[in-house]
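Below is a structure I'd like to ask you about.
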Amino acid sequence: MEQIVITFLCMAILLYFLLGGADFGAGIIELFTSTKNRSRTRKTLYHAIGPVWEANHMWLIIAIVILFVGFPHIYTTMSVYLHIPLAIMLIGIIARGTAFVFRHYDAVKDDMHWLYNRIFRYSSFVTALFLGIIAGSLISGHINTQATDFYTAYISGWLNWFSVAVGLFTVALCGFLAAIYLIGETKEAHDKRRFIKKAEFMNVAAVVFGAMVFIAAQRDGIPLIDWVFKSNVGLSAIILASLSLVLLWYLLLRGKTKILRVLAGFQVTMILLAISYAHFPNFIRLKNGDAISLLETVGPEKTIYSLGLALLLGSVLILPFLGYLFYKFQKKEE
Amino acid sequence: MDDFIAARSQMALSLGFHIIFSCIGMVMPFFMAVSHYKWLKTNDEVYKNLTKAWSKGVAIFFATGAVSGTMLSFELGLLWPKFMDHAGPIFGMPFSLEGTAFFIEAIALGFFLYGWNKLNKWFHWFTGMVVGVSGLASGILVVAANAWMNSPAGFDFVNGQYLNIDPIQAMFNKAWFSQALHMCLAAFTATGFAVAGVHALMILRDRNKEFHLKAFKIAAIFACIGALLQPLSGDISAKDVAKRQPAKLAAMEALYKTEKPAPLLIGGIVNEKDKTVKGAIEIPGALSFLAHGDFKAEVKGLDQIPENEHPPVAITHYAFQIMVGIGTLLLLVSLTYFFILFKKKPLTEKRWLLKLFVFAIPLGYIALEAGWVVTEVGRQPWIIYGIMRTKDAVTPMPGIAYSFYIFSAIYVSLSIIVTFLLYRQIKMVPVLYNKPESK
Ligand code: HDD
Ligand code: HEM
Ligand code: HEM
């Protein structure tokens with residue numbers, strides 16, 4: 001059961017990165033769209049993420065529930081030492097979620113929309129940034145559970161070069177995912193070209209910030225290069241990610257659109273795999289060199305057993321339904 | 001502000017905020033399903049418009065409920081890490097099942113909101129029902145988790161260790177049934193009265209009478225049935241509390257001295273220092289009856305409970321009085337409404353009755369919040385009753401007061417925006433739905 005629960009946890013985190021990430025990315029793209037094109041972008045965006053918006057958001061909740069039921073020690077360590085970035089990310093989630101719905105359901109269209117739009121764009125950016133910062137902090141080895149002063153205990157764990165670089169890299173990846181996704185959602189050649197431009201821009205940004213992540217890792221003494229290049233899995237994942245990127249641009253120029261999503265998703269999955277494989281199942285690396293591992297902190301047997309059962313049961317009930325939802329609303333677009 | 005007080009206040013605020021939206025999310029789908037069903041059966045366009053108008057409101061509330069709920073699942077750890085470290089694996093079962101229920105609810109809502117004219121009409125209706133049933137299920141599950149905090153079960157507590165954990169037994173603890181029943185009824189009562197009241201206001205103002213009259217009837221029936229059953233279920237709860245948490249019962253009733261038979265106090269000013277209650281109306285023996293079903297039974301007072309295990313008496317007592325007072329009032333309103341329905345008098349002639357419903361708009365929610373204050377404050381100083389104290393569970397991080405201020409500001413602004421949006425939605429009803437044939 002342990003393995004099943006861990007698999008679900010990894011899946012939930014991955015899906016949140018991909019689907020939720022594309023969702024944040026949509027707001028980020030809107031942020032970088034010139035004023036005259038914004039309302040068109042907004043329309044495409046609503047069509048694209050409206051129906052599945054709630055479902056995307058669920059992956060985060062699933063991940064959190066698995067953590068606090070099955071791996072309480074990891075959940076509480078994160079909650080205590082990453083309190084501040086978690087709280088900021090939450091504020092971002094609240095702000096963008098409500099602004100997105102409010103702007104669609106407000107019965108009157110007026111100046112309020114100026115406010116909703118602002119909130120939606122900036123909070124999408126902030127949420128993605130802090131999601132990345134939190135992910136980066138978990139593996140950065142800066143979290144210090146023995147600290148006695150406020151700064152070391154609650155700030156330096158996440159406010160460091162590496163975590164921030166991972167944050168910016170996440171923002172670029174989200175923007176990239178969203179741009180690729182949106183290319184397939186619009187029929188107008190003009191809009192397509194705009195989204196392709198955005199995808200190029202985000203791709204360049206991702207490469208730049210990706211390089212920054214490596215530099216920051218080197219500076220902070222994190223063996224990222226070893227993780228990625230010295231392990232076979234890490235190395236193959238990076239090679240596959242690069243190949244899929246080349247393929248993606250090739251197909252894009254040939255005018256294919258739907259397959260791009262799969263490639264973009266694959267690419268991000270490979271990047272996550274490359275970064276996390278080497279120290280799996282360690283979930284949090286600590287300042288003193290210790291690590292908190294999924295396997296060592298797993299909850300009591302009966303709990304894990306019922307959690308696993310609940311997850312399996314849930315997926316039997318949910319997956320067909322979810323698939324049908326995606327299918328139904330994809331088909332209608334064509 | 002003290003960090004510990006700030007953490008408690010932030011928890012209370014977040015839960016108090018979330019509960020309003022989650023109740024609407026739990027109950028409105030049923031109202032919509034009734035209206036939707038009537039449209040499918042009668043083809044009366046007004047019912048279709050009503051279903052759509054309600055579903056727009058629900059989408060706004062659902063999103064707010066979902067984000068505030070996400071907030072809560074992090075907050076449990078952000079504010080109470082030491083509690084979650086031990087409690088997570090024990091009371092987590094309902095949360096993991098709840099995840100499933102939420103997921104189904106979110107998917108079904110996607111179908112329902114975006115499925116007009118796209119799905120088979122009965123399948124579409126069915127997805128609306130799924131939203132309601134799974135919402136209700138998730139409400140029951142969360143309350144079962146809360147009930148565990150009141151009535152811990154499913155583990156052995158030996159020398160500070162939590163052993164032999166059994167999450168299923170923890171979920172079906174002694175308090176889950178009475179709390180879940182009372183909570184579900186409260187959701188129907190509170191939301192029903194709020195919705196009925198808003199539509200009553202519109203009828204009084206002569207706006208789209210046909211539309212609002214139909215809406216009023218659906219909501220009022222649900223509300224009134226809920227309000228009739230609520231005191232019965234409250235009585236079950238009270239007997240339950242008397243058995244498992246005598247300190248809470250004593251605080252609810254401000255019963256400082258053990259008495260046999262014990263009187264019921266109505267109203268009164270509590271003086272926590274002198275341990276006295278002034279100016280209350282006393283009904284002899286009534287408390288004995290309510291707590292134990294026997295007018296002569298002994299009821300444990302706070303004098304039998306160690307001082308350091310006393311909950312705050314005044315807040316608990318006032319909150320309980322507010323809940324029961326409102327419960328009684330709503331019961332009377334319901335009886336009046338059923339009487340008039342029974343006599344088949346047209347509602348529009350009974351303007352006073354409609355005014356009564358307008359007056360009742362906030363009452364159900366006030367009772368609901370008050371009831372939770374009774375349950376949660378009455379459990380103090382324990383976070384897990386009899387096992388772990390709240391002050392031992394709080395996060396070591398200083399500066400929680402700032403977090404409390406920021407989140408308060410967010411919740412206040414969200415409340416203002418949601419109210420404003422709803423106001424606009426209602427204002428637009430004439431424009432959007434006046435001429436059904438042109439739509
Ligand atoms: C519309 C809302 C509403 C109304 C009219 C009432 N209640 Fe209530 N009450 C709640 C809403 C509520 C609640 C918010 O839903 C609580 C909090 C926890 C719970 O399970 O339900 C609650 C808790 C609660 C408790 C504590 C349960 C516990 O700690 O386990 C008792 C003893 C009562 N109620 C009793 C009553 C009585 C005797 C009522 C008589 C009229 C009454 N309630 C009306
Ligand atoms: C939605 C309705 C609820 C409301 C309005 C509510 C209200 C409150 C209030 C007023 C407090 C502060 C008590 C005090 O410190 O004096 C509190 C504390 C708390 N509640 Fe609730 N509560 C609700 C439901 C729940 C549920 C369902 C759970 C968990 C499953 C829960 C978990 C907690 C925790 C962990 C605390 C903090 C510790 C404590 O003060 O005991 N609450 N809540
Ligand atoms: C008595 C208290 C509670 C009740 C009755 C309740 C009920 C509900 C309901 C019905 C929803 C669905 C949203 C909607 O339809 O608007 C919801 C959402 C949510 N609740 Fe609560 N809840 C309570 C307390 C809590 C607590 C204590 C937590 C966390 C620990 C929590 C976590 C969540 C989450 C994560 C969601 C979002 C799920 C989504 O995306 O729809 N709830 N709640």
Side-chain angles (χ1 to χ4, degrees), chain A residues 50-55 57-58 60-62 64-70 72-73 75-80 83-84 86-87 90-91 93-95 97-98 100-102 104-108 112 150 153-154 299-304 306-307 310-311 313-314 317-318 321-322 324-325 328-329 332, chain B residues 56 59-60 62-64 66-71 73-78 81-82 84-90 92-93 95-100 102-104 106-111 113-115 118-119 165-168 395-399 403 406-407 410 414 417 421 424-425 427-428 432:
Chain A
V52 288
W53 180 89
E54 274 296 335
H57 171 88
M58 288 302 308
L60 176 65
I61 296 169
I62 304 243
I64 282 301
V65 170
I66 295 181
L67 275 183
F68 81 54
V69 177
H73 193 55
Y75 171 77
T76 51
T77 310
M78 281 174 72
S79 304
V80 173
H83 187 119
I84 297 171
L86 278 169
L90 282 174
I91 294 175
I93 290 178
I94 295 184
T98 47
F100 181 78
V101 174
F102 290 171
H104 184 68
Y105 282 99
D106 194 343
V108 185
M112 280 303 279
F150 187 82
Y154 303 110
E301 196 180 329
K302 265 200 177 156
T303 302
I304 293 297
S306 30
L307 177 62
L311 289 167
L313 186 78
L317 287 174
I318 286 166
F321 226 9
L322 186 65
Y324 187 60
L325 182 68
K328 197 77 193 173
F329 292 100
K332 162 206 102 201
Chain B
K56 284 196 183 152
I60 295 172
F62 187 85
T64 318
V67 289
S68 58
T70 311
M71 173 75 211
S73 44
F74 281 95
E75 246 175 344
L76 285 177
L78 291 178
K82 287 174 201 144
M84 289 308 283
D85 219 357
H86 298 293
I90 312 175
M93 191 65 200
F95 284 109
S96 39
L97 292 174
E98 186 202 16
T100 306
F102 280 145
F103 216 133
I104 295 176
I107 295 172
L109 191 73
F111 274 113
L113 291 180
Y114 299 87
K118 289 182 198 108
L119 303 170
I165 289 171
D166 182 348
I168 309 285
T395 177
M397 191 176 101
S403 151
I406 294 172
F407 281 104
I410 292 175
L414 274 182
I417 299 181
L421 282 181
R424 283 187 165 191
Q425 205 80 48
K427 219 176 61 180
M428 291 301 278
L432 291 173

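Keep in mind that the numbers below use all heavy atoms, side chains included, and drop hydrogens, waters and symmetry copies.
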Checklist entry - Which atom names give the shortest non-hydrogen contact between B:Ile410 and A:Ile94, and what distance separates them? => result CG2-CG2, 4.2 Å
Checklist outcome for this item: In this structure, CE of B:Met84 is separated from NE2 of A:His73 (nearest 0.5 Å) by 14.5 Å
Item to check | Closest contact, heavy atoms only, B:Met93 versus A:Ala310 | outcome: CE-CB, 4.3 Å
Checklist entry - Does any non-hydrogen side-chain atom of A:Ile84 lie less than 4.5 Å from one of B:Met397? => result yes
Checklist entry - Side chains of B:Phe95 and A:Ile64: closer than 4.5 Å at any heavy-atom pair? => result no
Checklist entry - Counting heavy-atom pairs under 4.5 Å to chain B, which of A:Gly314, A:Ser79, A:Ala87 comes out on top? => result A:Ser79
Checklist entry - Atom CZ in B:Phe74, atom OH in A:Tyr75: separation rounded to 0.5 Å? => result 7.5 Å
Checklist outcome for this item: Honestly, the part of A:Leu311 sitting under 4.5 Å from a heavy atom of chain B is neither
Checklist entry - Which atom names give the shortest non-hydrogen contact between B:Pro398 and A:Tyr154, and what distance separates them? => result CD-CE1, 3.7 Å
Item to check | Side-chain touch B:Thr100/A:Leu313, heavy atoms, less than 4.5 angstrom | outcome: no
Item to check | chain B interface, residue from A:Ile304, A:Leu86, A:Ile91 that has the most non-hydrogen pairs under 4.5 Å | outcome: A:Ile91
Checklist entry - Taking all atoms of both residues into account, what is the closest heavy-atom pair of B:Ser96 and A:Leu307, and its distance? => result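 Shortest heavy-atom contact: CB-CD1, 3.4 Å.
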Checklist entry - B:Leu78 versus chain A, heavy atoms under 4.5 Å apart: side chain, backbone, both or neither? => result both
